[in-house]
There are 2 protein chains.
Amino acid sequence: MKIGQATIKDIARELNVSSSTVSRALKDYPGISDETKRKVKELAEKLNYRPNAIALSLRKSRSYTIGVIIPEVVHFFFSTVISGIEEVAYSRGYNVILTQTNEKLAREKSSIETMLSNQIDGFLVSYSKETEDFEHFSKLLDQGFPIVFFDRVPAIPNAINVMVDDYKGAFDAVTHLIHQGYERIAHLAGPKSLMISKERERGYRDALANHGMEINPEYIIECPVGTDDESQRITKDLFQNLEQKPDAFFANNDMAAVGAMLACKAMGLRIPEDVGIVGFSNWQFCSMIDPSLSSVAQPGFNMGAKATEILLDIIEKKIEASEIELPVTLDTELLVRKSSVRLKS
Amino acid sequence: MKIGQATIKDIARELNVSSSTVSRALKDYPGISDETKRKVKELAEKLNYRPNAIALSLRKSRSYTIGVIIPEVVHFFFSTVISGIEEVAYSRGYNVILTQTNEKLAREKSSIETMLSNQIDGFLVSYSKETEDFEHFSKLLDQGFPIVFFDRVPAIPNAINVMVDDYKGAFDAVTHLIHQGYERIAHLAGPKSLMISKERERGYRDALANHGMEINPEYIIECPVGTDDESQRITKDLFQNLEQKPDAFFANNDMAAVGAMLACKAMGLRIPEDVGIVGFSNWQFCSMIDPSLSSVAQPGFNMGAKATEILLDIIEKKIEASEIELPVTLDTELLVRKSSVRLKS
DNA sequence: TTGTAGGCGTTATCAT
DNA sequence: ATGATAACGCCTACAA
């Protein structure tokens with residue numbers, strides 16, 4: 001036995017047959033005698049033969065590998081998405097190549113190049129915060145290269161976008177706060193540059209309007225960074241500066257919600273009695289903090305799974321990219337916990 | 001221009017030279033006229049030529065891809081490790097193929113097979129909870145295949161293991177609890193199958209012994225799953241069944257610590273006054289819960305980065321596997337927060 | 001039922 | 001300074 005992996009040739013030589021015979025025998029092609037098949041398979045087993053996927057890729061111009069480009073792995077939401085991607089890809093026999101952009105456009109571009117060099121069959125992309133021009137994507141789309149965007153999706157022609165219904169998630173959350181009797185609901189908003197932030201704010205506004213409540217611009221504060229520290233500071237400022245103190249917060253994300261909660265507690269306010277809070281994303285810690293944090297759950301795993309299914313269907317030509325109903329929108333779910341419930345039901 | 005990617009042949013044909021010339025020109029080999037180089041590069045640029053990494057892999061029997069096998073992506077610690085892996089791999093020109101085992105041995109094995117088929121250059125592994133026999137790894141190690149284990153590392157010959165100093169982390173944590181005057185310190189232990197669990201328990205035991213404190217077997221409870229639900233239940237049972245109630249918990253991980261905290265609060269016990277708690281891993285939520293949770297921080301990013309550096313050094317034969325000082329151990333850091341401090345300093 | 005030959009894209013080796 | 005050829009491992013149309 002030679003060094004390294006056994007190949008079809010090795011088997012062929014040892015059995016005094018041609019490599020085509022071995023190839024066919026291994027795949028149970030018709031027209032190979034049972035005797036030969038048996039011998040080939042036996043030896044393959046013995047030599048621990050393993051097909052060389054690289055050679056196959058070269059031959060078929062297909063790598064059975066998809067590339068995933070995300071801003072950051074260390075982000076609960078994205079890690080759930082990856083998990084969904086990985087599940088579906090694995091079950092359908094695909095590999096997943098992963099790169100994170102760290103929110104850098106340059107890295108996004110270079111990762112794309114590398115992956116294309118590696119003959120990946122398609123992309124799953126959530127683009128970086130720096131990305132404002134989508135030329136590098138639309139060029140590929142125009143060539144018919146399979147790409148599915150998720151969460152952070154571009155407004156360009158032919159893009160297949162998988163996203164959650166941020167508007168409805170926000171609308172539901174604020175409606176819930178209203179039903180709980182909160183009357184001065186503030187919104188800790190996200191960066192205006194992302195569509196998801198705008199959609200959540202729109203949901204907030206519409207929920208208020210829908211109940212005949214006034215929209216107070218002072219109650220809408222942008223939290224560009226999105227950390228709990230930031231929103232703690234912002235919340236404190238808000239209570240100091242405003243005549244009419246808010247009695248509830250709907251936050252663009254859970255970190256911001258936690259910041260608001262900590263700030264309120266520090267000011268001696270009780271949650272949910274004095275102040276109600278709802279976050280967005282349903283990070284793991286929501287159920288672990290005290291009081292537990294109500295939040296709008298985003299189906300990260302499903303989003304990853306769904307995006308991957310669509311991508312693989314396109315790659316395998318089970319569906320035409322053009323016949324997908326766009327955009328693909330997944331439902332959020334409002335998880336009501338203690339931080340926002342003050343009425344007995 | 002033909003469909004799909006331009007190849008060296010396309011360039012060669014168009015320029016009426018041989019493909020070898022093109023190949024050499026692109027790589028600035030000596031013995032190619034500047035004129036030719038210029039023309040080749042120009043056309044390559046124009047045709048948007050991109051080398052086919054698959055063909056290269058086949059030729060060189062090297063894929064410049066490493067395989068990462070981890071239990072779960074949705075796990076703060078692992079996601080930081082991945083981040084570190086990805087950073088180093090990217091900067092050194094390697095791709096990262098990722099699979100999660102979901103703690104299943106069967107999946108671990110099949111992922112290995114798939115990756116080997118894909119001719120990856122080496123593995124980074126943190127094995128599943130089901131894995132008790134390391135035959136599938138040692139077989140590869142014996143063949144000289146590069147593998148670096150991290151976090152969950154096996155006790156087998158020749159394995160290169162990158163881990164944190166779990167023993168010292170645990171020792172420090174428990175010592176801190178003792179210094180805070182806690183006297184009946186329980187340990188929510190991890191699955192016995194993992195070395196990290198055993199090391200942490202050893203640190204716990206030695207810290208107690210070191211202060212002349214008795215080790216009560218009833219205070220050491222295994223939490224096989226490691227969720228907060230599980231440890232809530234376990235903590236409640238403990239308080240019901242034991243004559244001598246514990247007054248502190250050192251948990252094998254943060255989730256378990258949170259469970260203990262919630263259970264104690266539910267029983268009306270104050271933290272840290274009545275019960276002190278220290279977790280392990282320093283998940284993001286530690287600073288967000290109330291009271292904030294003391295925890296032993298593991299350098300996840302560094303661990304991923306370090307493991308990758310070693311792996312790539314071995315792959316590139318910059319070092320011999322045998323000359324690495326084993327095991328590679330990274331320091332933990334005890335982050336003292338409110339959950340374990342009841343003495344004025 | 002089996003073998004032969006060519007090719008996927010690239011590069012190393014040996015000519016010219 | 002450049003070309004021809006073979007090889008990496010596999011598959012498949014065609015031949016026998």
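Since the structure is predicted, the reported quantities are computational estimates derived from the model, not experimental observations. Quick note: numbers below take in every heavy atom, side chains included, and nothing from hydrogens, waters or symmetry partners.
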Scanning both residues in full, the closest heavy-atom pair of A:D151 with A:S126 reads CB-OG, 3.9 Å

Please state how far atom CZ in A:R38 lies from atom C1' in C:dT1, giving the value in whole angstrom units. 16 Å

When we call it a touch if two heavy atoms are under 4.0 Å apart, what does B:D34 touch: a base, just sugar-phosphate, or nothing? nothing

Side-chain donor/acceptor contact of B:R24 with base of D:dG3 under 3.5 Å: yes

Is it true that A:K129 and A:E108 make a salt bridge, defined as a side-chain N closer than 4.0 Å to a carboxylate O? no

Length of the line joining B:I54:CD1 and D:dC10:P, which is rounded to integer Å: 14 Å

Does the base of C:dT4 carry an N or O that pairs as donor and acceptor with the side chain of A:S20 under 3.5 Å? yes

Please determine whether a side-chain nitrogen or oxygen atom of B:T21 lies at a distance below 4.0 Å from atom OP1 or OP2 of D:dG3. yes

Residue-phosphate contact under 4.0 Å: A:K9 side-chain N/O, D:dA7 OP1/OP2: no

Under a 4.0 Å N-O cut-off, is there an ion pair linking B:R13 with B:D10? yes

Starting at atom CG of B:N52, determine the distance to atom C1' of C:dC8, rounded to an integer number of angstrom. 8 Å

Which is true for A:T36 with a 4.0 Å heavy-atom rule: it touches a base, it touches only sugar-phosphate, or it touches nothing? sugar-phosphate

Comparing B:K37 and B:K60 on DNA chain D - which has the more 5′ nearest nucleotide: B:K37

Does A:S19 have a side-chain nitrogen or oxygen under 4.0 Å from the phosphate oxygens OP1 or OP2 of D:dC10? no

Can you tell me the distance, in whole Å, between the CZ atom of A:R13 and the P atom of D:dG9? 10 Å

Counting just side-chain N and O atoms, does A:Y29 come under 4.0 Å of either OP1 or OP2 of D:dC10? no

Rounded to the nearest angstrom, tell me the gap between atom CG in A:L26 and atom C1' in C:dT2. 15 Å

When rounded to whole Å, the OH to P distance for the pair B:Y49 and C:dG9 reads 10 Å

How long is the line joining CD of B:Q119 and C1' of D:dC10, in whole Å? 12 Å

What is the separation between atom NZ on A:K27 and atom P on D:dT12, rounded to the nearest whole Å? 6 Å

With nearest nucleotides of DNA chain C determined for A:I32 and B:I8 from heavy-atom distances, which residue corresponds to the more 5′ nucleotide? A:I32

One thing to verify: whether B:K41 and B:D28 come together as a salt bridge, which I'm taking to mean a side-chain N less than 4.0 angstrom from a carboxylate O. yes

Base, sugar-phosphate, or nothing for A:S18, non-hydrogen atoms under 4.0 angstrom? base

Please check the phosphate of D:dC11 (OP1 and OP2 only) for any side-chain N or O of A:S23 closer than 4.0 Å. yes

In terms of side-chain geometry, is the basic nitrogen of A:R38 or A:E35 positioned less than 4.0 Å from the acidic oxygen of its partner? yes

